[in-house]
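We name chains A, B, ... by the order of the sequence lines, and we start the count at 1 in each one. This structure is a prediction, so every number in the text was calculated from the model and none was measured.
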Amino acid sequence: MSEEKLPTRKENFAEWYNQLVLRADLADYAPVRGCMVVKPYGWALWENIQQALDHRFKATGHVNAAFPLLIPQSFLEKEKEHVEGFSPELAVVTIGGGEVLEEPLIVRPTSETIIGYMYSKWIKSYRDLPVLINQWGNVVRWEMRTKLFLRTLEFYWQEGHTAHATAEEAQEETLRMLNIYADFAINDASVPVVAGRKSSAEKFAGAASSYTIEAMMGDTRALQSGTSHNLGQNFAKAFNIQYLDQNNELQYAWTTSWGMSTRFIGAIIMTHGDDQGLVLPPRLAPIQAVIVPIYKTEAEKASVMEAVERVKAQLINFRIKVDEREEVTPGFKFNDWELRGVPLRIEVGPKDVEKGTVAFARRDIPGREGKSFVPQTQLEAQVAEMLQTIQASLHERARNFRMENTHNPADYAALQEVVQAGWAFSWWCGSPECETKVKDETKATTRCMPLEQPGGEGPCIVCGKPSTEKVIFARAY
RNA sequence: CGGGGUGUAGCGCAGUUCGGCAGCGCACCGCGUUUGGGACGCGGGGGUCGGCGGUUCGAGUCCGCCCGCCCCGACCA
């Protein structure tokens, strides 16, 4: 560790983030500009995210499969809006096996096209529907400005692709998956999110409508943390996904796609992290509790380690790490594990051996207030309860922060002001002109029209025309 | 791609003004003392000074060209 302290979030949020990712051992820069290496600790976090999502996907009838990385260039061109949206950021393979390829291959930026092609082969009858497939994989988008986890040339994600017989079913699926993302974010990651619909300017290239979960980061900027798209019949028509219905009539299928990426790790970092470093939600933390033995003499070490073994034995149902390093002091270890975001630290020292206790230190409450002494018995229940408490308090704190920084500006001048350090929740007439004006003058974009609306109507915050829907304006990552 | 900055040990930097043995802090290795909030002492290893070319007895330092990276802008999960 070259410097001991991180920059504070207040003095430099961007730098705080960069250093935290590196020093918490989540990821490192790869030799290719814009690419990252996800290190074992970061990947363990991702694996826990994967597991939490995958359970939910399976529970709603989805199955996993794998589609290829390389896509014929012509596929991208079949859906007009899709190709326009993605062309600027494609990586193209033009040479293979030393020969210039007859048709260049695209490194997938997303897989709607190749999956659409396959679905057209697989789907013949209404009996084949719905098709509910997900894949875990990586994609490449040639981004200009990159940032670890938030925006890299290559990133890891899951993309679900489904096909349905009716528009209604497709819409249901789109919202079902949006809700799964929201449920995961709130309950497993303690990241409060707003579920809503994207404006047409912000929607996925080729979608009929896009939905998002938006989270507020510690600097009040918004982060799109997961998306679900109703693709209508756009891709079905482009790829000829047709089936015979009960009346023996040929119909185009209705498709959806939905994804959540390693970007969500960025959401966790920027939602919960503090000036000491990372703060991980217990349900996703690779290490839920770290045990730090404390001793001076060999005799103390023997009795402490014996107590540590007893403590550890009670906690086999948790992800536990015993920090047995001899070359660093306990004080160093405290700071080290705080930097890495471990939710609970359990200290075992000579005084604990004597008194039959251990010391708990909660990561979400730094310093003395977060410490408590508990008996060495019934530790499983006590740890479970403490982790649950931390899980809930992280969510509550983040939710309060979002509410404190979400404003209801009275007029356009007030909107310009509030979006510099918060979200604005305002009536909007839905016109691209008003949306663009806000973007040009404040750098804030429409994040979503939340599914939960107050109802009624009000004047558009920009042009004053009567409107029936409220939207979130915010500066976003 | 436009604007700005920067390249010297793994990281952070000094040395460049005015050419003359390539250094400091952290990290790393060894030994010893330490250990309930980022320990200390002693000893050690590690360098195409971003690259190529030029000027010079001599270039990290001066000149030219090239390259990388970072920050700020337009696009995105």
Student: Counting distance only, does the side-chain N/O of A:His55 pair as donor-acceptor with the main-chain N or O of A:Gln51 below 3.5 Å?
Tutor: yes
Student: Between B:G25 and B:G15, how far apart are the two C1' atoms, rounded to whole Å?
Tutor: 15 Å
Student: What is the distance from CD of A:Glu327 to C1' of B:C31, rounded to the nearest Å?
Tutor: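 Atom CD in A:Glu327 sits about 15 Å away from atom C1' in B:C31.
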Student: So which nucleotide from B:G38, B:G36, B:G37 ends up closest to the side chain of A:Glu338?
Tutor: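 Among the listed nucleotides, the one closest to the side chain of A:Glu338 is B:G37.
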Student: Measure from NZ or CZ of A:Arg263 to the centre of the six-membered ring of A:Trp46, then state whether that distance is under 6.0 Å and the direction lies within 45° of the axis.
Tutor: no
Student: Quickly work out the A:Lys333 NZ to B:A39 C1' distance and round it to whole Å.
Tutor: 13 Å
Student: With a 3.5 Å limit on both atom pairs, tell me what B:U33 is paired to, counting Watson-Crick and G-U wobble, or say none.
Tutor: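 The answer is B:A39, by the H-bond criterion.
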Student: Each nucleotide in nucleotides 71-77 of chain B should get exactly one letter: B, S or -. Can you fill that in based on protein heavy atoms under 4.0 Å?
Tutor: -SBBBBB
Student: Short question: side chain of A:Arg141, backbone of A:Pro109 - any donor-acceptor pair under 3.5 Å?
Tutor: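 Such a contact is found between A:Arg141 side chain and A:Pro109 backbone.
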Student: In whole Å, what separates the P atom of B:C52 from that of B:U61?
Tutor: 12 Å
Student: Name the pairing partner of B:U17, where a pair is Watson-Crick or G-U wobble with both distances under 3.5 Å, or state none.
Tutor: none
Student: Go through the side-chain N and O atoms of A:His62 and A:Gln158 and say whether any donor and acceptor fall under 3.5 Å apart.
Tutor: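 On atom types as modelled, these side chains do not qualify, holding no pair under 3.5 Å.
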Student: Between atom CZ in A:Phe332 and atom P in B:G36, what is the gap in whole Å?
Tutor: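 Those two atoms, CZ and P, are 13 Å apart.
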Student: Across all strands shown, which nucleotide pairs with B:G46 by Watson-Crick or G-U wobble geometry, both distances under 3.5 Å?
Tutor: none
Student: Between protein and nucleic acid, restricted to nucleotides 45-47 of chain B and to nitrogen or oxygen atoms under 3.5 Å apart, what atom pairs and distances do you find?
Tutor:
none

Student: Only pairs with both distances under 3.5 Å count, Watson-Crick or wobble alike; so what is the partner of B:C24 in this structure?
Tutor: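 B:C24 is paired with B:G12.
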Student: Of all of residues 279-309 of chain A, which get a heavy atom below 4.0 angstrom from RNA chain B, listed by number?
Tutor: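 Per residue number, the list reads A:Ile294, A:Tyr295, A:Lys296.
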Student: Measuring only the P atom in each nucleotide, how far is B:G7 from B:G44? A whole number of Å is fine.
Tutor: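 The same atom, P, in both gives a distance of 31 Å.
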Student: Is the positively charged end of A:Arg108 above the ring of A:Phe67, judged by distance under 6.0 angstrom from the centroid and angle within 45° of the axis?
Tutor: no
Student: Both distances under 3.5 Å, Watson-Crick or G-U wobble: report the partner of B:U55, or none.
Tutor: none
Student: Quick one, A:Trp423 and A:Arg447 - any side-chain contact, counting heavy atoms below 4.5 Å?
Tutor: no
Student: If we call it a pair only when both distances are under 3.5 Å in a Watson-Crick or G-U wobble match, what pairs with B:G7?
Tutor: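 Partner of B:G7: B:C67.
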Student: Picking from A:Gln50, A:Arg56, A:Lys58, what satisfies side chain to side chain donor-acceptor pair (under 3.5 Å) with A:Asp54?
Tutor: A:Lys58
Student: Whom does B:C1 pair with, Watson-Crick or G-U wobble, provided both distances fall under 3.5 Å?
Tutor: B:G73
